[in-house]
Amino acid sequence: MSDRRLFDAFENADEKTIEKLSEVPVLSDEEKERIFGASKRKADDKGVSEQNAKIIMMETLNTQASGTPDAAKLKNRNRAVMNVAAACIVLAVGASLIINGLGKDSKLGIDKESGGTASSADNLCDSGSCSGAGDELVLGSDGEYYHPYDGSSSVRRYNVSGTAPHNEEYLDYEITDEEQLERIDAALGEIDRIKDDCVVGENQGGGDDQGLFLSTSDDIKYFITMVGDQPQLTINFIDYNIPQELIDQLMAAIAPTATGQYTEAMRLTEALNVIDRLAGGSDAVYEETTDPSVGEGYALITEFGFGSVSEIESYMNDNMTTDFINAFYGSVVGTDRPVYTERDGAMYIDTFARRDSGYNWTDTEFIISEVKAESFCATAEYTTADGTAQVKLYIVNDGGSWKISGLDFL
Amino acid sequence: MTASDYSALCKQSPDKAYKTLFDEYCNYVYAVVTSKLRSCAAREDIEECVSDIFAEIYTKCEIDDEYEGDMRGYIGVVAKRRAINTFRILTKQAPTVSLDDESVPEIADESEPAQDSDRAALGAKLLEKVMSLGEPDSTIVIQKYFYNRNSLEIAKLLGMNPASVRVRCRRAMSRLKNIIDRNEFSL
């Protein structure tokens, strides 16, 4: 079941549930104003209609009572109705002209003469080059023009938005594999083929979604943002009308195991945190007095998330390659003086091994990179005493399981 | 707001009464309409339906101004009825049949009270689990998956970075699914 379908359970929600849902802030002040304005106009219109209905009813009653219509009143009323009708026609024509004019001018684009400020983009769209690969379509935040698929680096970044309009999943990819890039271009070409028209616009949003966009019949939006000096392409699926087959094709071309890799990266970063904390003895509660009979500095563990040394070993082997464990975390259980040892079914910790440990991951999104069939990298950010730092994990497929095989502190 | 409050406000200034009523109940009406239409309507349709509901309440509301109870009940009924009508229009699920048609007796009533009741109970359970995620995760999850807001909109409303919203949302959903799995109830 998709994440969104899960929430279908609210379809026939009871009163209490609806009340709680309504407590979640969702409408902006602008949206509230818009809805209120519309409701007020409708109410006013209804009021006028009802008033008119009452007048007509009165006239009918007068006619029936006297046998002749109240000619003067009817004449005035008809004139009033005709005036209203004429005013409506004028308004409609005016509105049509305004809408057409606005429609033309509201296509924000690139005015080459004014040095890249927003202006009419008709010259861009009418040229027939409004494809995702159109040269003129991308204006970098530095005022220079960029080709969306032609960054100066050989690394192209595809920030891919998910498979359903209300279930967006952003994946930030650096793709270097030429074959994969060819498949992406082929899929993007397919999108270009089905679109009818396009609009170049400016995304007013903030944060990492800010930038120029190219939308195609409101079906697909290519967001082009600048990451440093690199143009970054985001593809948004925002409409139900996109053939699922095409979405599948594109997703398959861009990231065959994208979701899996992201999920694995999340699992492994968490595992790295757990194992690093294990190495530093951060999570074990132990007796204050040590037991020299077990070894100098070893104390009996009284509370711990792991029940035995073999459990720790198994957890590490599930998440890290043997070479990596030996290089970085060999001391946890596998040396002459391990951090954890066992005697008579009880676990002991080397109190001398205690140190600050663990990774306090920030909410910054991972960057998945160097994607290959049997390996990929995930860069994650963590908090340090001085601020934040990044670590790049090398992840490999080891006998069918993704495991950490190395790391670099960036 | 009680009917007598509303009535008293109306006497002072109808516009002020409308605005007060709207401010107090717009989130509630929006939630009611979203719950009924989220599977079939665009956001514009939902907004349209909400504005229709308030227009109806402003103009047709024959309220007993002696009634001291909260108007929420009345507004809820109007909102649900209007939302269901909109749902029918949008999904075009109202076939017209002749009473002379032989198949009429075989047309089943599609509403299943027992199932609806189960679903309502599930909704309450799900909300409880979502709330257990804590803030701001529960708000993010509801805004995203119930109200269909995107990360940028949620970020603006909560004063957060869109990237943080996406990460928190993904992690919150993962936790929610674990909670649901642990509790072994199916949705």
Side-chain angles (χ1 to χ4, degrees), chain A residues 1 3-28 31-32 34-47 50 161 165-170 172 203 205-210 236 238 240 262-263 266 362-366, chain B residues 15 18-19 22-23 26-28 30-32 34-36 38-39 47-48 50-55 58-60 76 116 119-127 131 138-139 142-153 155-157 161-164 166-168 170-171 173-174 176 180 187:
Chain A
M1 182 190 287
D3 292 347
R4 187 166 182 270
R5 289 294 306 278
L6 192 67
F7 286 74
D8 286 352
F10 291 139
E11 199 174 301
N12 284 316
D14 57 26
E15 192 58 28
K16 204 174 162 189
T17 305
I18 290 287
E19 276 189 36
K20 279 191 181 167
L21 286 168
S22 73
E23 286 165 12
V24 171
V26 66
L27 290 170
S28 65
E31 285 172 314
K32 281 183 184 172
R34 190 170 60 234
I35 298 172
F36 177 70
S39 68
K40 189 73 175 45
R41 274 195 302 279
K42 285 173 188 171
D44 290 346
D45 289 348
K46 276 186 184 174
E50 283 171 8
S161 174
H166 302 297
N167 186 22
E168 59 180 327
E169 288 286 338
Y170 279 80
D172 197 1
N203 182 17
D208 58 358
D209 290 340
Q210 197 160 27
N236 262 340
I238 57 166
Y240 291 99
Y262 201 98
T263 308
M266 283 182 71
T362 69
D363 280 341
T364 306
E365 204 154 359
F366 305 124
Chain B
D15 284 352
Y18 295 164
K19 188 78 176 87
F22 180 85
D23 286 343
C26 75
N27 285 343
Y28 171 66
Y30 196 85
V32 170
T34 303
S35 73
K36 300 289 178 198
R38 58 188 286 279
S39 62
E47 284 190 11
E48 184 80 16
V50 172
S51 64
D52 284 343
I53 289 162
F54 278 103
Y58 299 154
T59 52
K60 291 193 175 172
D116 287 352
R119 215 170 169 76
L122 274 179
K125 255 186 198 174
L126 176 63
L127 185 65
M131 290 304 180
S138 54
T139 295
I142 289 171
Q143 285 182 336
K144 184 165 180 75
Y145 294 106
F146 178 67
Y147 287 112
N148 296 330
R149 293 310 204 238
N150 64 34
S151 305
L152 186 61
E153 291 168 314
K156 271 184 186 170
L157 270 169
N161 183 303
S164 304
R166 283 196 287 275
V167 172
R168 291 201 80 109
R170 191 176 293 116
R171 290 178 180 170
M173 276 309 290
S174 174
L176 181 63
I180 289 170
L187 290 163

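Values below: all heavy atoms of this structure, side chains included; hydrogens, waters and symmetry mates excluded. Note that the structure is a prediction, hence the values are computed from the model and not measured. Proteins get letters first, then strands, A, B, ... in listed order; numbering begins at 1 in each.
Rounding to the nearest 0.5 Å places CZ of A:Phe10 at 9.5 Å from OH of B:Tyr147. Separation of atoms NZ (A:Lys32) and CG (B:Asp23) is listed at 6.5 Å; rounding is to 0.5 Å.
Of the atoms belonging to B:Ile53, not a single heavy atom falls under 4.5 Å from chain A. Of the atoms belonging to A:Lys40, heavy atoms from both backbone and side chain fall under 4.5 Å from chain B. Heavy atoms closer than 4.5 Å to chain A are found in the side chain of B:Tyr30, but not in its backbone. Neither the backbone nor the side chain of A:Glu23 has a heavy atom closer than 4.5 Å to any heavy atom of chain B. Only the side chain of B:Leu157 comes within contact range of chain A, judged by heavy atoms closer than 4.5 Å.
In this structure, B:Ala124 and A:Asp14 approach most closely via the heavy-atom pair CB-OD2, 4.1 Å. Of all heavy-atom pairs between A:Val24 and B:Gln143, the closest is CG1-CG, 3.8 Å. When every heavy atom of A:Ser39 is checked against every heavy atom of B:Ser51, the shortest pair comes out as CB-O, 3.2 Å. Scanning both residues, B:Glu47 and A:Ile35, for their nearest heavy atoms gives CG-CD1, 3.8 Å.
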Let's go through B:Ser35 and A:Ile18 carefully: what are the C-alpha distance in whole Å and the side-chain angles of both, what is the deciding distance for side chain to side chain contact (heavy atoms under 4.5 Å, CB included) to 0.1 Å, and is it a yes or a no?
CA-CA 8 Å; B:Ser35 73; A:Ile18 290 287; 3.6 Å; yes

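Ranked by heavy-atom pairs shorter than 4.5 Å toward chain B, the options A:Ser28, A:Ser22, A:Gly37 are led by A:Ser22. Ranked by non-hydrogen atom pairs under 4.5 Å with chain B, the options A:Lys20, A:Met266, A:Glu15 are led by A:Glu15. Of the listed residues (B:Val32, B:Asn27, B:Leu176), the one with the most heavy-atom contacts under 4.5 Å to chain A is B:Asn27.
Using a 4.0 Å cut-off between a side-chain N of Lys or Arg and a carboxylate O of Asp or Glu, B:Arg149 and A:Glu31 qualify as a salt bridge.
Here B:Tyr28 pairs with nothing under the ring pair (Phe, Tyr, Trp, His ring centres under 6.0 Å) rule; sequence neighbours left out.
Figure legend: B:Lys19 and A:Phe36 shown as a cation-pi pair, the cationic atom lying under 6.0 angstrom from the six-membered ring centre and within 45 degrees of its axis.
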